Number of protein chains: 2
Amino acid sequence: MPKPTLVDVGREAGVSAITVSRALRSPEKVSEALRRKVDRAVKKLGYVPNQSASTLASNKSNSIVVMVPSISNNVFTDVLGGISDALHGSRFNMQIGYTNYDSLEEERILRSFLNPTPSGVIISGLEQTEETRQILANAGVPVVQIMDISPDPIDMIVGFSHDQAAETATQHLVDAGYRNIGFIGAQMDPRSQKRLAGFKKAIKANGTLLEQSIAVTNKPSSAHMGAVLLSKLTSQFPECDAVLCNNDDLAVGVLFECQRRGIKVPEEFGICGFNDLGISSETVPSITSVTTPLREIGRLAAAMVIGEEEESSSPIVDLSYNISVRESTQRV
Amino acid sequence: MPKPTLVDVGREAGVSAITVSRALRSPEKVSEALRRKVDRAVKKLGYVPNQSASTLASNKSNSIVVMVPSISNNVFTDVLGGISDALHGSRFNMQIGYTNYDSLEEERILRSFLNPTPSGVIISGLEQTEETRQILANAGVPVVQIMDISPDPIDMIVGFSHDQAAETATQHLVDAGYRNIGFIGAQMDPRSQKRLAGFKKAIKANGTLLEQSIAVTNKPSSAHMGAVLLSKLTSQFPECDAVLCNNDDLAVGVLFECQRRGIKVPEEFGICGFNDLGISSETVPSITSVTTPLREIGRLAAAMVIGEEEESSSPIVDLSYNISVRESTQRV
DNA sequence: ATAGTAAATGATTGCGCAATCATTTTGCAA
DNA sequence: TTGCAAAATGATTGCGCAATCATTTACTAT
C-alpha cells in the first residue's frame, strides 16, 4: 500500500485535495465541520505530509536553522537540549550548523541553509558579519540571537549580560576577601571578551588593574587548559590569590592544579567558575560558579522563533544569571 | 536573479537538463568532455541542487539517519562528532533521532525517518525490536550498528566488546592488588549490562562474586550519582577496596566522595572509570579508565554507510579498547 | 566497409504539494 | 425576498528533479 497523499485524504473526506491541505495548514480558515471530517480521514489513512513536496511547492521548509560555534562545548549541548525540548512534538525540526567560531564560515553556511527558506533561525552571539545581518533581516523569517544581550537585535534576542555576570562574580571574589585576583580564559570569543571586560571593570572599581593578572588563550576550554593557564598566571603574577575562570572546565582544572601543588582552596586561593556545568558542585572543595540559564535560553529561543511565546512579550529577553557561592570562595 | 536550475546549467553547457543531472550524480556514466563542460557551467552559474526536488522525484533523501539514546551523554556527543567529521564536505547530511533509551520510541522515530528513504542509517546498540530489524533490513539502504559488537549485524557493525573491556579492566584492578572489588553503574542500558557481565566474569575467575559488590541505577550517569552509588556500595559492602565504574563521570564522583570521606586513593581504595572522557586524566589523583574509540566509531560508521570504506573491509569492525592506567589504581 | 553492440545523451512524465485565481455557498441587512 | 459581501471550497498549474524509456553516437570485430 503506497503512502496516502492529500488526494487520498480528500477522497476519503469527500472534499478536494487542496481543501485538505488548507484544513491542515490553516485550520482557522476552514469550517469546523470540514476540520473534523479531514481529521478523521487523516487518522483513518494514517496520512503523513510529504515534507519534500511541501518544501518544493512553497520554497519554504519546516526547519529551524540553529547556528552554534561548536558541538563539543557543553555550553552549546545544553542550549541545543533546550531547543530540542521546545521543538519536540511541533511540526518543526532542527537543522544545526557549526561555525567553528568563524563568522565568515557562519555566513557561508547560513547562505546554504537559507535555501529553501527555513521557518526560523536561531543564531549564537552578536558578531555576525554585516552581510549576514542583512541576509537575515531580509529573509522574512523570525530570527532569534542567543547567548548575549543587546538593545539592537536583528529581530529578537534572548540571553544575558556577560559583562555584568563577570563583574558580579569578580566583586564576589573581592567581597570574599581576595586582593590579587586574576582572570583565566580560553576560547576567547566575543562573549569571553565581555566577561574579561566585566572583570576589568570590577577590578578597577576596587583598585588597580594589573596587566599580568590576565592569562588567556584562544584554544578550546578544558580542564587541562585550566592547569596550563594557572601555571602561566602564577608565573607572571605570583601574588595572585584568586581567579575568575571563563568557563567551569577551566575552574576544575585550576582546582586540580592547586591540589597538585598543595595550594589550599579556598584559604590560600579562591576559584570562581562560569556556566555551572554540573561538576563544579561536586568537586572537593566545591567550586563557586556563575549559573547561566543555558537550557532556558534554548527553550525560550525556540518558542519565540516558532511564535509560541505570548504576543505581548518583548523581543529582547534578558534571562540574567546567578552566582552560586560554594566552598572554593569561602574563607572561614 | 532566481536560483539556477538544471535547465539553466544545461543551457549554459549546451546539453539537456537530464544530462546535467546525470553528470552530477553519476559522473562515471558520462564522457570526460561532458563532465568538464558541466562542471564549468555549474561553477559559472553557482548552481546548487535543490534537495527537496531531488528527494521528491526519487523518494530518496541525502540524509544519514543517526539514532542515539541521548544527546546529553558525552559518549554520544563524541560519536556524533566523529560522524559529523566524516560527513563534512560530502553531499550527505545528518538527521539525528533521540530514542531516550526506549526501543519502541526508536522504532516509532525510525519509521517516520524512513520516509523518504534516507541514504543510510547509523543506529546505536543491538537491541532493536524485531520489527525495527525487519524494517531496516528491508529498507534497501546501508545500515551500520555502532557501539557494540556482534557476529550477526543487521548489515554492518562497528564497535567493541563491552564485556571484554570490563573484564580486562576488572582484571587490572585484581592485578593491582585490590581484593574486594565493587561495580558501580548508572544508566544501565544493555551495553552497561554487558560491562557488568564482564566484571562478574573476571571476579568469578579470581574468586567469588558477592551480590553486595554491585551498586547500580537506571538513572543517568553523573558525578553526583557516582557519590550516591559509592555511599550505597560501601554501606552494603564495607570491605570494598576498589570499584569499576560504568562511566567516567561516575568515577570522578567516586573520587570526590573519597576525598570528602578522607579515603586515600589509590592506597586504600582503587578507582577505574570507563570511556576516558577527558577529565579522568586531570583529577588528583588521575583516574585509570578504559579508553574507548568513540570518535573513531562515529567516523568509521559514517564512512561505511556512505560507502567510502575499502570494498575489501569487513562489515564487522571491532575497534577494541585500551586500559589507560593512571594513579587511581597504582598502589606503590 | 558494415553490422552489431555498447556508450552517451535526450524527451517525457510525474513525484506531492501549495500558490494563485476561480467558483460556490453562506450569512445577513434592508 | 433579494442582493451582496464574506466565507468556504475547488481547479489548475508549476516547483526542480530523477525514473523510465527512446534515440543517437562511438566503437569493435570481422
Side-chain angles (χ1 to χ4, degrees), chain A residues 1-39 41-42 45-63 91 112 114-119 140-141, chain B residues 1-39 41-42 45-63 91 112 114-119 140-141:
Chain A
M1 47 167 191
K3 290 210 69 176
T5 72
L6 280 182
V7 174
D8 301 321
V9 177
R11 190 182 310 119
E12 178 70 28
V15 297
S16 76
I18 182 59
T19 303
V20 175
S21 170
R22 208 154 18 209
L24 295 176
R25 288 186 310 133
S26 349
E28 75 283 0
K29 287 187 185 161
V30 303
S31 69
E32 175 67 27
L34 176 67
R35 217 175 306 152
R36 271 204 305 269
K37 268 195 299 187
V38 168
D39 282 353
V42 164
L45 298 181
Y47 170 75
V48 178
N50 181 321
Q51 291 214 15
S52 299
S54 169
T55 301
L56 179 61
S58 66
N59 195 34
K60 182 145 194 175
S61 80
N62 278 179
S63 292
R91 68 192 176 88
S112 78
L114 247 37
N115 205 280
T117 308
S119 291
V141 302
Chain B
M1 51 169 187
K3 292 212 66 175
T5 70
L6 279 181
V7 174
D8 301 319
V9 177
R11 190 181 311 119
E12 177 70 28
V15 297
S16 75
I18 182 59
T19 303
V20 175
S21 169
R22 206 152 22 207
L24 295 175
R25 288 185 309 133
S26 352
E28 74 284 359
K29 287 185 183 163
V30 303
S31 68
E32 175 67 26
L34 175 67
R35 217 175 306 153
R36 272 205 304 270
K37 268 195 299 187
V38 168
D39 281 353
V42 164
L45 299 181
Y47 170 74
V48 178
N50 181 321
Q51 291 214 16
S52 300
S54 169
T55 301
L56 179 60
S58 66
N59 194 33
K60 184 148 191 173
S61 81
N62 278 178
S63 293
R91 67 191 178 89
S112 77
L114 248 37
N115 205 278
T117 308
S119 291
V141 303

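Since the structure is predicted, the reported quantities are computational estimates derived from the model, not experimental observations. Residue numbers begin at 1 in each chain, while the letters A, B, ... track the order of the sequences.
- The CD-C1' distance, from B:Q51 to D:dC15, rounds to 16 Å in whole Å.
- Distance B:L45 CG to D:dG16 C1': 15 Å, rounded to the nearest Å.
- Rounded to whole Å, atom C1' of C:dC17 lies 13 Å from atom CG of B:N50.
- Side chain of A:S119 to main chain of A:S61: a donor-acceptor pair is present (N/O by atom type, distance under 3.5 Å, no hydrogens or angles).
- A straight line from CG of B:L24 to C1' of D:dA18 spans 12 Å, rounded to a whole angstrom.
- The listed nucleotides are D:dA18, D:dG16, C:dA18; the one nearest the side chain of B:S54 is D:dA18.
- At whole-Å resolution of the value, CG in B:L56 and C1' in C:dA18 are 12 Å apart.
- Considering only heavy atoms from C-beta on, A:L24 comes within 4.5 Å of A:V42 through its side chain.
- Between the CG atom of A:L56 and the CG atom of B:N50 there is a distance of 6.0 Å, given to the nearest 0.5 Å.
- Taking the charged nitrogens against the carboxylate oxygens, B:R11 and B:D8 do have a contact shorter than 4.0 Å, which makes a salt bridge.
- A:V15 approaches A:L34 most closely through the heavy-atom pair CG1-CD1, 3.6 Å.
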Between N or O atoms, less than 3.5 Å apart, protein on one side and nucleotides 8-10 of chain C on the other: list the pairs.
residue: C:dT9; atom: OP1; partner: B:S31; partner atom: OG; Å: 3.2
residue: C:dT9; atom: OP2; partner: B:S31; partner atom: N; Å: 3.2
residue: C:dT9; atom: OP2; partner: B:S31; partner atom: OG; Å: 3.4
residue: C:dG10; atom: OP2; partner: B:S16; partner atom: N; Å: 3.1
residue: C:dG10; atom: OP2; partner: B:S16; partner atom: OG; Å: 3.2
residue: C:dG10; atom: OP2; partner: B:T19; partner atom: OG1; Å: 2.3
residue: C:dG10; atom: N7; partner: B:R22; partner atom: NH2; Å: 2.9
residue: C:dG10; atom: O6; partner: B:R22; partner atom: NH1; Å: 3.3

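- In this structure, the separation between OG on A:S52 and NZ on B:K60 is 14.0 Å, given to the nearest 0.5 Å.
- With a 4.5 Å cut-off on side-chain heavy atoms, A:T55 and B:Q51 do not count as touching.
- To the nearest 0.5 Å, atom CG of residue A:L6 and atom CG of residue A:L45 are 11.0 Å apart.
- Atoms NZ (A:K60) and P (C:dA19) sit 10 Å apart, rounded to a whole Å.
- Here A:L6 lies in heavy-atom contact (under 4.0 Å) with sugar-phosphate atoms only.
- Between the CZ atom of B:R35 and the CD atom of B:E28 there is a distance of 8.0 Å, given to the nearest 0.5 Å.
- Taking a pair as Watson-Crick or G-U with both hydrogen-bonding distances under 3.5 Å, the stems of three or more pairs touching DNA chain D are C:1-30 with D:1-30.
- Residue B:S21 has no polar side-chain atom (N or O) positioned under 4.0 Å from OP1 or OP2 of D:dC17.
- Of the listed nucleotides (D:dC17, C:dA19, C:dG16), C:dG16 has the atom at the smallest distance from the side chain of A:A57.
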